[in-house]
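First the structure, in the form of structure tokens, and then the observations on it.
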Amino acid sequence: MPTEGAIEGAAPKPSNFIRDIILEDNVSGKYGGRVHTRFPPEPNGYLHIGHAKSICLNFGLAQEFGGKCNLRFDDTNPSKEEVEYVESIIEDVKWLGFDWEDRMFYASDYFDQLYAWAVQLIRQGQAFVCDLTAEQIREYRGTPTEPGKNSPYRDRSVEENLDLFERMRLGEFPDGSRTLRTKIDMASPNFNMRDPVMYRILRAEHHRTGNKWCIYPMYDFAHGECDSIEGITHSICTLEFEDHRPLYDWYVENLGIHHPQQIEFDRLNLTSTMLSKRKLLMLVQKGFVSGWDDPRMPTLSGMRRRGYTPEGIRLFCSRIGVSKTNGIIEFALLENSLREDLNRRALRVMASVDPIRVVIDNYPDGQVEEMDAVNNPEDESAGTRKVPFSKVLYIDRDDFRENPPKQYFRLSPGREVRLRYAYFVTCTGVVKDAAGEVVEVHCTYDPATRGGNTPPDGRKVKSTIHWVSAAHALDAEARLYENLFLEDAGEEKDFTDTLNPKSLEVRTAKVEPSVKGAAPGTLYQFERVGYFCVDKDSTPDKPVFNRTVQLRDTWAKIEKAQKA
RNA sequence: UGGGAGGUCGUCUAAUGGUAAGACUGCAGACUCUGGAUCUGCGUAUCGGGGUUCGAGUCCCUGCCUCCCAGCCA
């Protein structure tokens, strides 16, 4: 498991109610001071940022208290689960920086034991085979204000139940024709206690057990039992399972087995981010995104491809805290956490994702100078590099204005700025196309300012802009991302209605030559623009960059305020 | 209108009967060869009403609001 660096160690971790519970349990000796958690994903989709919160919580708690955390696949519904998901989950949890050592399990590992326990409950007169259809079960269940009715099959003898359940397992009955139900209380105000289904008949090939079974346990009957088998002490889950806790407790109590403690916390909600596995699956299936790892997806694989770092995500998870209040975290907090990490580690490079030509008229034709540039001002050990400079350059279109607004400090006719690491240049004119669009900017440079240093006369310049030598620039594809959705969709409407048509914008960028051959996943800061990550679609001829997140842009704020 | 769980700055989290704190966001400024980073400052909160107490965000009563639950999903 990762040791949190200075970034996370700087501030003392705030406590949370789960940590408090564990602390109390350790004092009372409830589990002999043992702390054993688990992360129990269902392999029916890819992990997303919401899961990261749970992973950090479960593994983090174990780590903090010198305990263990298992990875366990909750694979009790073969109709939705696939190995592809298992593999992606393994990769994502590892990538996030956690280690379950030799403790990777599947609920399906315990199917035999679960079956035996079901038989035990039948023998104890606490479970019965029910012939009601799904619809009938629903009718018999009652409503919030009316109690349910007992199933007419509720009083079958133990022998008959044993026989029927055995024959369910043997495949003598069609799918959905019978269930094994727990005999609890049809009048309970908690629906989960109204004779809940334990097993259903379901003929589907299971990704691990194949066709060995045609009956599968329900979540409620499986989860606590799996926790129990693994010796879990604190079974941490999300708030919607609060109503299930009485049933969780009922099973382990009546089975007489180790009783882990279920604790519920608030699931992560993020502004302008959709974290429904069902809807994410739909985006993939209907082709609204290129796949589960589309950089616009809030999946861990998408975020990884986009350039998010495990450290940044872990920092975020430690900042959001854990509680039982149903809130929504501002996306800006995630971005801030990411930038904090990226700022420390990303190599700086000059590039333009919206280039415009600049000609330095008084610079000798054909001359090339190698300018020294710092790779990372936050990390001296990152060293320096040489960047070629020549007569014709590219700068960002946004760094030139023919008619500069108030407080705009960058290049404009008659104004002098610094080209980072190179020279002071003064704009002397522009060339326009037939449409009146500026296509080329002309400048003169001051040789006395080489290296970007302040000239002997001490004159200063209000702005420093970045550039790329046209003759040396690499052509690259830059993929600029915005939110996938334009607004936080209401539950009622078709969420695809609010898809953002501009969530992906592809640009041709000019990038300094030092990035040539960078491996996919390499993180850069394009100075003054944003953080970018080399995408796996890159070819030797044409690198592809994903914009991970923009830099904080004070000027954009000023300009926005001016327009308002 | 049955059951369960919650309501503290704009957002999230702390304060465990004793000065309502931190982070993010916002605004203002300093610094800067990134309008980045960094630094400084400012602002805004205990859902309402009663009560207990020297003292209440915290305890009690009461009202209001929000979320979850009627899958053979998890």
Side-chain angles (χ1 to χ4, degrees), chain A residues 11-12 14-16 20 40-42 44 74 76-77 79-81 130 132-134 137-139 141-148 175-181 188-194 196-202 215-216 218-220 222-223 237-246 264 266 271 277-278 319-337 339-340 343-344 348 350 373-374 377-378 407-410 418-422 424 449 451-454 461-466 525-530 550-558 561:
Chain A
S15 191
N16 65 55
D20 292 343
E42 182 188 10
N44 67 344
D74 215 336
T76 57
N77 184 357
S79 65
K80 293 182 175 176
E81 297 149 6
C130 182
L132 257 25
T133 64
I137 286 182
R138 197 181 321 125
E139 286 161 5
R141 190 151 30 221
T143 70
T145 49
E146 311 158 44
D175 284 10
S177 61
R178 287 181 220 257
T179 56
L180 181 70
R181 292 227 259 161
S188 171
N190 181 346
F191 281 107
N192 297 120
M193 304 300 271
R194 320 247 266 221
V197 172
M198 291 166 67
Y199 270 90
R200 74 284 213 184
I201 303 173
L202 177 60
I215 58 171
Y216 291 93
M218 299 289 291
Y219 166 86
D220 286 305
H223 203 91
C237 62
T238 44
L239 253 23
E240 67 269 27
F241 292 100
E242 275 172 329
D243 286 344
H244 295 245
R245 184 166 11 108
E264 311 85 12
D266 61 324
T271 57
K277 257 181 168 179
R278 202 193 93 246
R319 282 178 171 175
I320 59 179
V322 181
S323 73
K324 289 176 81 92
T325 56
N326 232 313
I328 182 159
I329 307 289
E330 287 178 348
F331 197 81
L333 183 60
L334 210 210
E335 292 192 322
N336 179 276
S337 305
R339 286 200 196 98
E340 186 165 323
N343 178 50
R344 298 186 314 166
R348 270 61 167 179
M350 292 195 285
V374 175
E378 305 292 323
Q407 292 184 80
Y408 182 88
F409 303 141
R410 282 111 93 148
R418 170 166 34 232
L419 293 180
R420 188 149 163 86
Y421 301 127
F424 282 20
T449 57
N453 294 318
T454 302
V461 105
K462 291 199 88 166
S463 180
T464 298
I465 64 174
H466 56 97
Q525 182 195 100
F526 287 2
E527 290 212 38
R528 305 204 311 126
V529 177
Q550 287 174 273
L551 247 29
R552 262 181 61 186
D553 190 345
T554 305
W555 164 244
K557 250 184 230 172
I558 294 170

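Across the C1' atoms, A20(B) and U40(B) are found 23 Å apart, a figure rounded to whole Å. Only the P atoms considered, U8(B) is 28 Å distant from G41(B), to the nearest whole Å. Of the P atoms belonging to U11(B) and G4(B), the separation is 28 Å, rounded to the nearest Å. Rounded to whole Å, the C1' atom of G63(B) lies 26 Å from the corresponding atom of G55(B). Comparing A5(B) with C9(B), their C1' atoms are spaced 24 Å from each other, to the whole Å. U16(B) sits 24 Å from C24(B) when the P atoms are compared, rounded to a whole Å. Comparing the P positions of A45(B) and U52(B) gives a spacing of 28 Å, expressed to the nearest Å. Atom C1' of G6(B) sits at a distance of 15 Å from the matching atom of G57(B), rounded to the whole Å.
The side chain of Asp20(A) approaches U16(B) more closely than any other nucleotide in the set G6(B), U16(B), U13(B).
With sequence neighbours excluded, no residue satisfies ring-ring contact (aromatic ring centres under 6.0 Å, His included) with Phe424(A). In this structure His466(A) satisfies the side chain to side chain donor-acceptor pair (under 3.5 Å) test together with Asp396(A), sequence neighbours excluded. Evaluation of the ring-ring contact (aromatic ring centres under 6.0 Å, His included) rule for Tyr421(A) yields no partner, not counting sequence neighbours.
The interatomic distance linking Arg528(A) (CZ) with A37(B) (P) rounds to 14 Å, in whole Å. Gln550(A) places its CD atom 14 Å from the C1' atom of G35(B), with the value rounded to the nearest Å. What separates CD of Glu335(A) from P of A37(B) is a distance of 13 Å, to the nearest Å. Rounded to an integer number of Å, the gap from CZ of Arg245(A) to P of G3(B) is 17 Å. Atom pair Glu242(A):CD and G3(B):C1' shows a separation of 12 Å (rounding to whole Å applied). One atom, CG of Asn343(A), and another, P of G36(B), lie 11 Å apart when rounded to the nearest Å. At whole-Å resolution of the value, CG in Asp553(A) and P in A37(B) are 10 Å apart. At whole-Å resolution of the value, NZ in Lys462(A) and P in U34(B) are 15 Å apart.
The closest donor-acceptor contact from the side chain of Thr464(A) to the backbone of Arg420(A) lies at 3.5 Å or more, if one exists at all. Judged purely by atom type and a 3.5 angstrom limit, Asn16(A) has no side-chain atom pairing as donor or acceptor with the backbone of Gly321(A). Under the 3.5 Å distance criterion, the side-chain polar atoms of Glu81(A) are matched with a main-chain donor or acceptor of Asn77(A). Checking side-chain atoms of Asn190(A) against main-chain N and O of Asp243(A) turns up a donor-acceptor pair under 3.5 Å.
The shortest distance between the side-chain N/O atoms of Ser15(A) and the OP1/OP2 oxygens of A14(B) is not below 4.0 Å. Considering only side-chain N and O atoms, Thr464(A) lies nowhere under 4.0 angstrom from the phosphate OP1 or OP2 of U34(B).
Nucleic acid contact for Ile465(A): none, since no nucleic acid atom lies under 4.0 Å from a heavy atom of the residue. Here Pro377(A) lies in heavy-atom contact (under 4.0 Å) with a base. Residue-level contact check: Glu146(A) touches neither bases nor backbone, having no heavy atom under 4.0 Å from any strand. Residue contacts shown for Val322(A) are limited to sugar-phosphate atoms, with no base heavy atom under 4.0 Å away. Using a 4.0 Å heavy-atom cutoff across all strands shown, Glu378(A) reaches at least one base atom of the nucleic acid. Residue contacts shown for Tyr408(A) include a base, since a base heavy atom lies under 4.0 Å away. Heavy atoms of Glu264(A) sit nowhere under 4.0 angstrom from any nucleic acid atom. Residue contacts shown for Arg194(A) are absent, as no nucleic acid heavy atom lies under 4.0 Å away. Using a 4.0 Å heavy-atom cutoff across all strands shown, Arg181(A) reaches no nucleic acid atom at all.
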Might you work through the side chain to side chain contact (heavy atoms under 4.5 Å, CB included) test for Thr449(A) and Thr454(A), ending with a clear yes or no? CA-CA 6 Å; Thr449(A) 57; Thr454(A) 302; over 6 Å; no
Kindly indicate, with the supporting measurements, whether the criterion side chain to side chain contact (heavy atoms under 4.5 Å, CB included) is fulfilled by Val374(A) and Arg348(A). CA-CA 7 Å; Val374(A) 175; Arg348(A) 270 61 167 179; over 6 Å; no
Test side chain to side chain contact (heavy atoms under 4.5 Å, CB included) on Glu340(A) and Arg319(A); report intermediate values, then the result. CA-CA 12 Å; Glu340(A) 186 165 323; Arg319(A) 282 178 171 175; 2.5 Å; yes
Is there a side chain to side chain contact (heavy atoms under 4.5 Å, CB included) between Arg181(A) and Leu132(A)? Walk through the geometry before answering. CA-CA 11 Å; Arg181(A) 292 227 259 161; Leu132(A) 257 25; 3.9 Å; yes
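Atom CG in Asn336(A) sits 8.5 Å away from atom CZ in Arg552(A) (nearest 0.5 Å).
Below 30°, between 30° and 60°, or above 60°: for Tyr219(A) and Phe241(A) the angle between ring planes is between 30° and 60°, a tilted geometry.
Side-chain atoms of Pro40(A) and His223(A), non-hydrogen and from C-beta on, do get closer than 4.5 Å to each other.
For G29(B), the glycosidic angle deviates from 0 by more than 90°, giving an anti base.
Judged by closest nucleotide on RNA chain B, Thr325(A) is the one of Leu551(A) and Thr325(A) placed further toward the 5' end.
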Using a 4.0 Å heavy-atom cut-off to protein, can you give one letter per nucleotide of nucleotides 63-74 of chain B, 5' to 3': B if the base is in contact, S if only the sugar-phosphate is, - if neither? ----SBSBSBSB
Indicate for each nucleotide in nucleotides 18-29 of chain B, in 5' to 3' sequence, whether protein heavy atoms under 4.0 Å reach the base (B), only the sugar-phosphate (S), or nothing (-). ------BSSS--
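Among the duplex regions that RNA chain B forms, those built from at least three successive Watson-Crick or G-U pairs under 3.5 Å are B:2-7 with B:64-69, B:10-13 with B:21-24, B:26-30 with B:38-42, B:47-51 with B:59-63, ordered by first number.
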